[in-house]
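Structure first, then comments.
Quantities reported herein were computed from a predicted structural model and do not represent experimental measurements. Just so it is clear: chains get the letters A, B, ... in the order the sequence lines come, proteins before strands, and each one is counted from 1.
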Number of protein chains: 2
Amino acid sequence: MTPERRAVLNGVLDAPGHFTADDLYIRLKRRDPMVSRATVYRTLELLVGSRLVEKVDLGVQQAYYEYFFGREHHDHLICLGCGAIIEFTSQAIEDLQNVVCQEHHFEIRYHSHKVFGRCRKCQQGGSPDA
Amino acid sequence: MTPERRAVLNGVLDAPGHFTADDLYIRLKRRDPMVSRATVYRTLELLVGSRLVEKVDLGVQQAYYEYFFGREHHDHLICLGCGAIIEFTSQAIEDLQNVVCQEHHFEIRYHSHKVFGRCRKCQQGGSPDA
DNA sequence: ATTAATGCAAATTGTTTGCACGGTC
DNA sequence: GACCGTGCAAACAATTTGCATTAAT
């Protein structure tokens, strides 16, 4: 546990939900130890390996991360208007998913369920794009 | 509709399920007209726009495509052992997904549901990786 | 002639890596 | 003094783009 790694971990801890490696790097740059981008990537990978952080693929070319310690698995609603990310869990969906896998004799390891659309705010006169 | 575009479309039509832009490019290279990689990308994007082809994100850094004309939407089970891709549909899951979205006042546009694990073959003495 | 599509090669983007350097046991 | 982590800059890989050329109307 080096000072750099501690800095990255701290950065992760007060990150706002979902963030990219670069978000984190930029945010860390404002504080002292000035860790390098490479170390951010390397340390994030480390944290993912130790289940402290989860890497989530939100359908863009950039990987997102989120703090994961002790949290439940959840999936995401992703707003095409403002980029907001809403988390959800549904045991019923997971159960059905297990049934589907059984039918196909498929041994499930993990899954990713993303719904893209518009959040409440963006439906009401919000940003018109996407 | 140029000869190049026709060539790409033909390539798509006899593609084996899911393929990457580069798969397609390589495959086309064996036949005559020799379209360029750029044109393959450009044309695929065009076909996606006209709903003839669907772009699917399988969780790797490469985009996959599949012929989509007149097909139902479906989701995927992806084998971590051999890379096999099994398609599935479940109206029950989609219904529950709609309920979840309603609860969050989220207007759904499209979704992506991927399950990673091991296919039947790979469970039986198959490749040990992942 | 104007417009649109192509091919090439260079640019872009997010991420990874080789390697020399610095610190620690 | 062996080892590990770091920073830098170069390497990468998939995709996109600028631009000059070509083809079609």
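Across C:dG7 and C:dA11, the matching C1' atoms stand 16 Å from one another, rounded to whole Å.
The CE-P distance, from B:M1 to D:dA23, rounds to 19 Å in whole Å. If you take CG of B:L28 and P of C:dG7, they are 11 Å apart, rounded to a whole angstrom. Going from atom CZ of B:R6 over to atom C1' of D:dA23 covers 15 Å, rounded to whole Å. The distance from atom NZ of B:K29 to atom P of C:dG7 is 13 Å, rounded to the nearest whole Å.
Nearest heavy-atom pair across B:V35 and B:A7 is CG1-CB, 4.1 Å. In terms of heavy atoms, B:Y65 sits closest to B:V56 at N-CG2, 4.4 Å.
By the ring-ring contact (aromatic ring centres under 6.0 Å, His included) test, B:H74 pairs with B:H76, sequence neighbours left out.
Contact annotation: B:T2 does not reach the phosphate of C:dA4 (side-chain N/O to OP1 or OP2, under 4.0 Å).
Atom CD of A:E72 is surrounded by 12 or fewer heavy atoms from other residues, nucleotides or ligands within 6.0 Å.
A heavy-atom distance below 4.5 Å is found between the side chains of B:E87 and B:E66.
Ring geometry, B:H73 versus B:H111: the interplanar angle exceeds 60°, so the pair is classed perpendicular (tilted spans 30 to 60°).
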Worksheet item: For nucleotides 7-18 of chain D, read 5' to 3', which letter fits each nucleotide if B means a protein heavy atom sits under 4.0 Å from the base, S means only the sugar-phosphate is that close, and - means neither?
Response: BB-----SSBBB
